[in-house]
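What follows is a single structure, written as C-alpha cells, with notes after it.
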Amino acid sequence: IKDILSPVQSKYLSKDLVVSLDLVDNLPNIYGDSTHLAEAIQQVIDNAMRFTDAGGTITIRSQSDNHQVKILVCDTGSGIADDILPRIFERFYRQDIAHGTPGFGLGLAIAQKIVQRHHGDISVETTVGEGSTFIISLPITDAPMMDT
C-alpha cells in the first residue's frame with residue numbers, strides 16, 4: 001500500500017488532501033498476483049481522491065481475522081446516493097458526468113473483477129455528504145486465482 005501511494009503523492013498533495021495510513025504489521029499472507037491486487041487498490045484510492053474535495057481526508061486501513069485480510073479506503077468525500085449505489089461497479093458507469101469528473105467509469109469495475117478473481121469481495125459503506133468506505137476483503141488461503 002505504501003508503494004501504491006508513493007507515485008501518486010503529488011496528486012493528493014496538489015488537491016490538498018490528507019492521506020493517512022493505519023496499517024497492521026504482519027498481516028497474514030494471501031495467495032494472489034501482487035501487481036493486479038495493487039491495481040485494484042489503486043483504482044479504489046483514485047476513486048476516493050476523485051470524489052473528495054480539497055481539504056478532505058482519505059484513510060487507508062488494513063485488518064485481518066482468521067479468514068480474511070481487509071483493506072479499507074475511507075474518504076470524507078461526497079458519498080454515494082442510494083439510487084446510484086447499485087451501479088457503481090458497472091463498466092462505463094460514471095456518477096458525475098455533468099461536472100466533468102475525469103475517467104471512463106472503469107476503475108471500480110476493474111477493481112471488482114480483480115478482487116473476485118482472488119476469491120475476494122469488494123463492498124462499500126456510504127453516507128451522502130459524509131463520505132464512503134470501500135472494503136476489499138481477500139481470503140487467507142492458498143487457493144489459486146480463478147480463471148476468467
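Computed over heavy atoms, backbone and side chain alike; hydrogens, waters and symmetry mates excluded. All residue numbers in this chain count up from 1 along the given sequence.
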Applying side-chain hydrogen bond (donor to acceptor under 3.5 Å, both in side chains), name anything that partners Glu130, two or more places apart in sequence or on another chain.
none
Could you check His118 against Leu37 for side-chain contact (heavy atoms from CB on, under 4.5 Å), going step by step and ending with a plain yes or no?
CA-CA 9 Å; His118 286 82; Leu37 288 171; 3.8 Å; yes
Could you pull out all residues at least two apart from Asp22 that satisfy salt bridge (Lys or Arg N to Asp or Glu O under 4.0 Å)?
Arg61
Distance-only donor-acceptor hits, side chain of residues 120-129, under 3.5 Å, sequence neighbours excluded:
{"from": "Thr126", "atom 1": "OG1", "to": "Ile80", "atom 2": "N", "distance (Å)": "2.8"}
{"from": "Thr126", "atom 1": "OG1", "to": "Gly131", "atom 2": "O", "distance (Å)": "3.3"}
{"from": "Thr126", "atom 1": "OG1", "to": "Ser132", "atom 2": "OG", "distance (Å)": "2.8"}

Going hydrophobic residue to hydrophobic residue with side-chain gaps under 4.5 angstrom, can you get from Val18 over to Val44?
no
I'd like to know if the side chain of Thr59 reaches the main chain of Cys74, judged simply by a donor and an acceptor atom lying under 3.5 Å from each other, with no hydrogens or angles considered.
no
Residues in side chain to side chain contact (heavy atoms under 4.5 Å, CB included) with Thr52, at least two apart?
Leu17, Ile58, Asp75, Thr76
If you round to the nearest 0.5 Å, how far is [atom2] of [Y] from [atom1] of [X]?
X      : Y      : atom1 : atom2 : value
Leu21  : Ser62  : CG    : OG    : 9.0 Å
Arg117 : His36  : CZ    : NE2   : 6.5 Å
Met49  : Asp46  : CE    : CG    : 6.5 Å
Gln116 : Ile114 : CD    : CD1   : 11.0 Å
Ile60  : Thr133 : CD1   : OG1   : 11.5 Å
Ile136 : Ile41  : CD1   : CD1   : 5.0 Å

Under 3.5 Å, which donor-acceptor pairs do the side chains of residues 64-71 form with other protein atoms, sequence neighbours left out?
{"from": "Asp65", "atom 1": "OD1", "to": "His67", "atom 2": "N", "distance (Å)": "2.7"}
{"from": "Asp65", "atom 1": "OD1", "to": "Gln68", "atom 2": "N", "distance (Å)": "2.8"}

Heavy-atom closest pair, residues Phe89 and Gln112:
CB-OE1, 3.4 Å
Minimum heavy-atom distance Val73-Ala48, with the two atoms named
CG1-CB, 4.0 Å
Under 3.5 Å, is there a donor on one side chain and an acceptor on the other for Asn47 and Gln43?
no
Taking transitive links into account, so neighbours of neighbours count too, which hydrophobic residues share a cluster with Leu72 at under 4.5 Å side-chain distance?
Ile135
